[in-house]
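These notes concern the structure reproduced below.
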Amino acid sequence: MSEVGKPLGKDLVGLEGLSADQLRMILDTAEPFKEISERRIKKVPVLRGKTIVNLFFEASTRTRISFEFAEKRLSADTVNISSTGSSVAKGETLVDTARNLEAMRIDMVVIRHGASGAARFLAERIPSNVINAGDGWHEHPTQGLLDLLTIRDRMGRIEGLRVCIVGDIKHSRVARSNIYGLRALGAEVAVCGPRTLLPPAPEELGCRVFSRVEEAIEWADVLNVLRLQLERMQAGYVPSLREYNRIWGVSTARLEAAPRDILVLHPGPMNRGVEIDSDVADGPHSVILNQVTNGVAVRMAVLYLLAGGQPERAEAAKEGGEA
Amino acid sequence: MSEKILLRGGRVVDPSQSLDRVHDVLIVDGSVARLADGIEAPEDARTVDCAGKVVCPGLIDVHVHLREPGGEHKETIATGAASAVAGGFTAVCAMPNTDPPIDDPAAVGFVVAAGRAAGLARVYPVGCISSGRAGERLALVGEMVDAGAVAITDDGSPVMNSGLMRMALEYARAFGIPVADHPEDLGLSDGGHMNEGIVSSRLGLGGKPNASEDIHIVRDLLLAELTGGHIHLQHVSTRFGVESIRQAKARGVHVTAEASPHHLVLTHEAVDGYRTEAKMNPPLRAQEDVDAVRAGLADGTLDTIATDHAPHHYDEKEAAFADAPNGIVGLETALGIVLTHVVGEGVIDLPTMIERMSCQPARAFGLPGGTLAIGGPADVTVFDPGARWVVDAGQFRSRSRNTPFGGWELTGRPTMTIVGGRIVWSG
C-alpha cells in the first residue's frame, strides 16, 4: 500500500486496509504535533504554500473546524466550500466541482459527503491528495484515528483492549473506522445496540455483539458511545428516545457496576440524556474533550504524511522545516 | 423479388426439433425453405460459409429496456435494436417503464412503428400492468394486446398491491399473455443499494435482503396458482426464489422465469470499490445464490435467459454509488458470457443454451421464431463458438456503455444475424 516517500499513499479514504504499522506511524506522528496547539503562537511552516480545499457537502462543525485548525496551524492556505450557496447547489456534479478546483491548482481536498464511497470516487479521479472527512455510512478515518490516539494516551496501549461501540452501528461511519482501526491494532471489538441499528453481519466484521449495554459494560475496557440521530427514531428504528435511554443509555449507575474502570468516548455531538447521561459525559470516565484536542493533532499528522512528510522528521519539521 | 441465402456447413442446433448436426440451411423469401445436407446453391442465392460455426434459431431477449420515449440519451429503439442484432438477438421485448410509460394502445403502436422503422431486430412491446405504472388500476390490457403488446409488466417497479396482481393475472388469461413481475417488496428493500450482506456492511451501503425478492416470488406463485394465470418472474437472483419456483413448477403452476447473465456469473463482491457498473436491481448476490441460479438454469426451473439490458448514460453512472441508477447493458455481451462462463463451465450444454435463449422465450411470450422449422420465419443467429474476443464497451452499438464486463476475455461471439430472411448484421 505505501510507496517509497509516501508512507500513506496518495489518499486517506478509510482505515480499512491500513496496516498496524501504518496506523502506529500516524499516531506516532501525531505526538509531536500535539504540542503546537499548546504554544502561544500556534503556527509552524510545515505546509507553507500548500493549498487545501475543505469540501463539505454535509453540515459539520467539529470536523470542519478541526481540519481547518490543523491546516492553518501548519501554515497551509485553506478554502472552505459548503454545498449551500456554491455551484454544488446549482446541480454541478461532484466530479466537475473537483475538477474545477483541480484546475486552480490545489494540493489537497478534505471531503465530507452524504454518500458512501464519495471520497474514494473523488480520489480515483483527481491527482490531489484526498482526505475523507466522512462519507455516508462508510468511514470517518480521522475520527477513528483520534479515537485510537485518545485510547492509547489513557490506556497506554490498544492491543488486547476490549472496546465496545454502543449505539447505531449500521448507519455509522465512525463505527466502521473504529472497527477497522482497533482490530488492526489488536483490540477486541464488540458492538452493542438495538438489532435494528446493527449491520446485518457484525460477526463478519469481526465484532462480538451485545444486546444489552450492561453486558457490554461488564465486558469492556472502553466504551465508544455513538450519537443516536433523531431521524433514526423518526424512521422507526427505535420506538422512543426514552426507551433507548432506559435500555442502551450509558449512565453512571451502570458504569459503577462495572468490574473495572471504563473509559468513555463519544464522537459528538452528544444527545445528553439519550445515549449518554450528563454525569457520565462530564464525569471522570469521559475523555470526550481529549478526543477533540487529539483531533487537531491527528489531522495535522495526516496532512503532513500525505504531503510527503516523513514520520521520523515530524519533530524537526515543526521547528521550521517544510514537508 | 426472391431473396435466397444458403447457410453452408454449419452445426445446426435447433432444440425445437431436436436437431444438432452439420447441415445446410436454405432461406427463401424470409422463411426457412430447406434443412439438408449438400443443398445445391440456387443461382441467385447468397452462400455463407458456416463451417465451424453454430447456426441456430434467432436469440430472443424477453427483457430489455430501450428507453424510448423519454430516455433517448441512454438508448433509442433504433440503437437498442442495433445492439440486439450485434449481440445475435433477432427479437427483443421492450419494457414499458419509459417516460411516458407504455400503458395504452397508442404508446404500444409507437413502439411497434419505431421497431419496424429501425428494421433490425423485431421489437415487441410489453405494456404496463397498471395505468401510469402507478400500481393502482389495470391499464388497457386488451387494447394494448390488440395493438401488439406481447405481455404486461410494471417492471422497474414491483406490483406492491397483491389484489392488483391477482386481477392482472386473471384478466390477462383472456389474452393468453404472461404477466411479468419484478419481484421485490419495497418495504424491505427501502434504502438499499446493493445486496444486504458482508459487502454492504463493509462499504456502508444500505442493503436489500434476499427476503425482499423471495416474498414477492412466493406471493406471485401463490397468485398464479389461485388464478390459473401465467406469471413470468423476471431476473430471479436468490437461492430461495429458485427453490420456490422449482416447487411451484412441480405443482403445475403456470410459471416461467428468467436468469440474467450477470446473476449467473457475478457476486456482490463485484460491487467492492463502489463500482456503479455492478449496480443493478435485483442486486448481485452471494455465491450460494449464484450457485442456485446456475442450478436452476440447468434443471429448467429458470427456463429463460434474459439480459435486463438497462442502458444508462455515462454521466448517470459516474456518480457516488447511492446516486447512480440501477442497471447494466447486456445485449452485446450475453452470448459471450453465457458461452464462456455457463456453457464453458459445464452448467448447461450448447443446445440447452439455445433452448433457454431462443426456443423457450418464444414459447413463453407466444412469439414467432424460436425454431428453424420449415416454413417458419427465417430468424437465424450464426455464431462462432471458438472466437476469442475482449469486451470493449467503446465498440458497443448500444448508446450506453455501462457494463461490468469491460475487459473480460470471452470465447464465442455472433457472426451473423438474420431477421425475416434479411442479413441485418454480420461481423
Side-chain angles (χ1 to χ4, degrees), chain A residues 13-17 57-58 91-99 111-125 132 134-141 168-177 179-180 183 191 196 198-207 231-232 235-237, chain B residues 73 186-214 238 240 267-279 283-289 312-326 402 404 406:
Chain A
V13 297
L15 299 190
E16 187 182 18
F57 292 86
E58 272 187 349
E92 186 170 76
T93 65
L94 172 56
V95 72
D96 281 338
T97 301
R99 284 187 182 142
I111 180 176
R112 157 73 60 95
H113 197 283
S116 298
R120 175 168 176 157
F121 177 89
L122 196 64
E124 288 173 348
R125 283 163 182 78
N132 183 6
D135 63 326
W137 310 344
H138 175 227
E139 283 221 47
H140 190 351
D168 179 1
I169 314 299
K170 180 175 186 162
H171 303 100
S172 174
R173 50 195 173 215
V174 177
R176 280 180 186 71
S177 288
I179 291 167
Y180 299 135
R183 283 178 42 76
V191 295
T196 48
L198 298 187
E203 298 85 357
E204 289 184 66
L205 292 173
C207 300
E231 68 209 60
R232 304 294 171 226
Y237 288 95
Chain B
H73 62 297
L186 294 176
L188 276 171
S189 57
D190 184 36
H193 297 289
M194 65 173 298
N195 182 53
E196 180 173 301
I198 178 62
V199 183
S200 71
S201 287
R202 279 185 40 237
L203 296 179
L205 290 168
K208 296 173 190 244
N210 282 21
S212 71
E213 183 172 343
D214 297 338
T238 62
F240 186 81
T267 70
H268 56 170
E269 299 286 347
V271 175
D272 204 359
Y274 302 95
R275 305 266 79 99
T276 61
E277 68 271 18
K279 180 177 180 181
L284 298 172
R285 306 245 185 223
Q287 186 62 51
E288 63 165 15
D289 297 302
H312 289 294
H313 192 269
Y314 168 82
D315 284 342
E316 296 165 318
K317 282 286 196 179
E318 180 73 355
F321 196 85
D323 299 334
N326 285 306
N402 49 308

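Residue numbering restarts at 1 for every chain, and letters A, B, ... go by the order of the sequence lines.
Within the 4.5 angstrom heavy-atom criterion, no atom of A/Arg173 approaches chain B. Neither the backbone nor the side chain of A/Leu94 comes within less than 4.5 Å of any heavy atom of chain B.
With respect to chain A, the highest number of heavy-atom pairs below 4.5 Å among B/Gly207, B/Gly206, B/Pro209 belongs to B/Gly206. Ranked by heavy-atom pairs under 4.5 Å with chain B, the list A/His171, A/Glu124, A/Glu203 is led by A/Glu124.
Between the side chains of A/Ser177 and A/Glu139, at least one donor-acceptor pair of N or O atoms lies under 3.5 Å.
Under the rule for a salt bridge (Lys or Arg N to Asp or Glu O under 4.0 Å), the partners of B/Glu213 that lie at least two apart in sequence or sit in another chain are B/Arg285. In this structure, the ring-ring contact (aromatic ring centres under 6.0 Å, His included) partners of A/His138, at least two apart in sequence or on a different chain, are B/Tyr274.
Proximity of a side-chain donor or acceptor of B/Lys279 to a complementary backbone N or O of B/Lys317 within less than 3.5 Å is not detected.
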